[in-house]
There are 2 protein chains.
Amino acid sequence: MQRDIPEVVIKRLPIYYRSLQQMAQMGKDVVSSQELAKSAGVTATQVRRDLSYFGEFGKQGKGYSVELLLSELRRILNLDRDWDVVLVGAGSLGRAVTRYPRLEQHGFRIRHVYDHNPNRINTRLNGLVVEDVSLMPEQISREGIRIAIIAVPPSSAQEVADELVRSGIKAILNYAPATIQVPDDVRVYDIDPVAAMQSLTYYLEPYESRRKRKLSSASDRIDITS
Amino acid sequence: MQRDIPEVVIKRLPIYYRSLQQMAQMGKDVVSSQELAKSAGVTATQVRRDLSYFGEFGKQGKGYSVELLLSELRRILNLDRDWDVVLVGAGSLGRAVTRYPRLEQHGFRIRHVYDHNPNRINTRLNGLVVEDVSLMPEQISREGIRIAIIAVPPSSAQEVADELVRSGIKAILNYAPATIQVPDDVRVYDIDPVAAMQSLTYYLEPYESRRKRKLSSASDRIDITS
DNA sequence: TCATGTGAAATCCTTCACAGCC
DNA sequence: GGCTGTGAAGGATTTCACATGA
């Protein structure tokens, strides 16, 4: 598999995948780059270019087979298997993660939940027993688990990441509001709602007065384009 | 305020802000672009370039005053005020959002939680009463709220977004696993853990056998650089 | 001497525009 | 006629390298 595909492209593939799944569910057989682009919020050229990194999946004059494209994306993204995951941190954030059903639905199986707080260890949590984080390296290693979710306070995020990397973890979904440093062969994806909000407020007028805007009626509704 | 600053830059500013807050807490007075870069996981040149879009905040030969930079970033990102937010969707995802304390800690105040399910309306949820979504437009408009969090199923995400936009919302944090279309003057930031996971699995070997790796000892630990 | 701020260069990514094929 | 796949162009972002000032 070639390994110089832009990371931005890789981040868009799951979005295409999501759109296609929805289309398949609605019984759509064939989709044009135009339609897929609209559904994914990008341009048609971008869809075609992104897919062309991996092969020629379309039919000229016709478009792409929804089923074929789904199966190609599954293959490319390694989604035609389930993945074991460990979760570190059984605080409120970690608990929310265990209760988020979409991960399981998409084949990401949380195999262990770890914490170091004795009050949390051995408590049950959505069908999982919280284990002592000291058991973590051995279990990850023995079970060959390569994906971890970090949901600990920022002050311990780095040491947890270090331990995960030593144990063989290669992919980390990081909910801790901290940047973690990992070797080149480990990937980290950060999720920080506060940081997201703070980017959004940049674009807002700082002190627009209340009541300045009125409830718009159907007639002056802006046409959606973006 | 100039308005042609790359969006990537805006997304990095909250990360710098987060790093600086941590440094301030540790009593650090002055920071170099080098140090800030390390803490934020970017390059020193990038830090300097990013900041230079907004002014000259550093002292040559010295670095940046942590306090000054924090206050400049607060000003740039409009964080020297609190922001009212509405949350749409009181399902498990919406409930998790209300229980996530960091938003409040950073000045994002959830003022209303809406749902359309009668079983949820009027239930209490972390100090908030779930209201009927039909009250939403009028309340958003009257209270001048400009930020919304969408936590509804993907099938209703677009109609909720349309209604939010009509009511005057200008910034949306979208937890629904769906792309939503909004006018140019509205910003959307998507959070989709499943999509994030699916990008991560791209980089994993699909079928590395179990037990292939061993628990590494301290001596063969890879040096962290990334 | 040390670290910022920034032109210029390099790299990365997106879009244009169209040949080629169904 | 319609739509893909892709060279080439264009635009955006990052990095280099260094003048400048503390």
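Within every chain, numbering begins at 1; the chains are lettered A, B, ... in the order of the sequence lines, protein sequences first and strands thereafter.
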I'd like to know whether B:D80 forms a salt bridge (Lys or Arg N to Asp or Glu O under 4.0 Å) with B:R74, so could you lay out the CA-CA distance, the side-chain angles of the two residues, the decisive distance to 0.1 Å, and finally the verdict.
CA-CA 6 Å; B:D80 31 30; B:R74 254 195 306 275; 5.6 Å; no
Smallest heavy-atom separation, A:W83 atom then B:P206 atom, equals CH2-O, 4.1 Å
Interface with DNA chain D, restricted to residues 26-36 of chain A and to heavy atoms under 4.0 Å:
A:S32, A:S33
Under the side chain to side chain contact (heavy atoms under 4.5 Å, CB included) rule, collect the residues that match up with A:R48, sequence neighbours excluded.
A:S33, A:A44, A:T45, A:Y64
Measuring to OP1 and OP2 of C:dT15, would you say a side-chain N or O of A:T43 lies under 4.0 angstrom away?
yes
Measure from the side-chain heavy atoms of A:R49 and tell me the nearest of C:dT15, C:dT6, C:dC13.
C:dT15
Heavy atoms of chain B, cut-off under 4.0 Å: which first and last nucleotide of DNA chain D, 5' to 3', fall inside that, if you could look?
D:dT13 to D:dA22
Phosphate-side-chain proximity, A:R12 and C:dT14, N/O vs OP1/OP2 below 4.0 Å
yes
Atom-to-atom span, CG of A:D50 to C1' of C:dC13 - whole angstrom:
10 Å
Do you know the tightest heavy-atom contact between B:L200 and A:I172?
CD1-O, 3.8 Å
Within the structure, does a side-chain N or O atom of A:Y53 lie under 4.0 Å from either OP1 or OP2 of C:dT14?
no
Could you work out which one of C:dC13, C:dG5, C:dT15 sits closest to the side chain of A:V8?
C:dC13
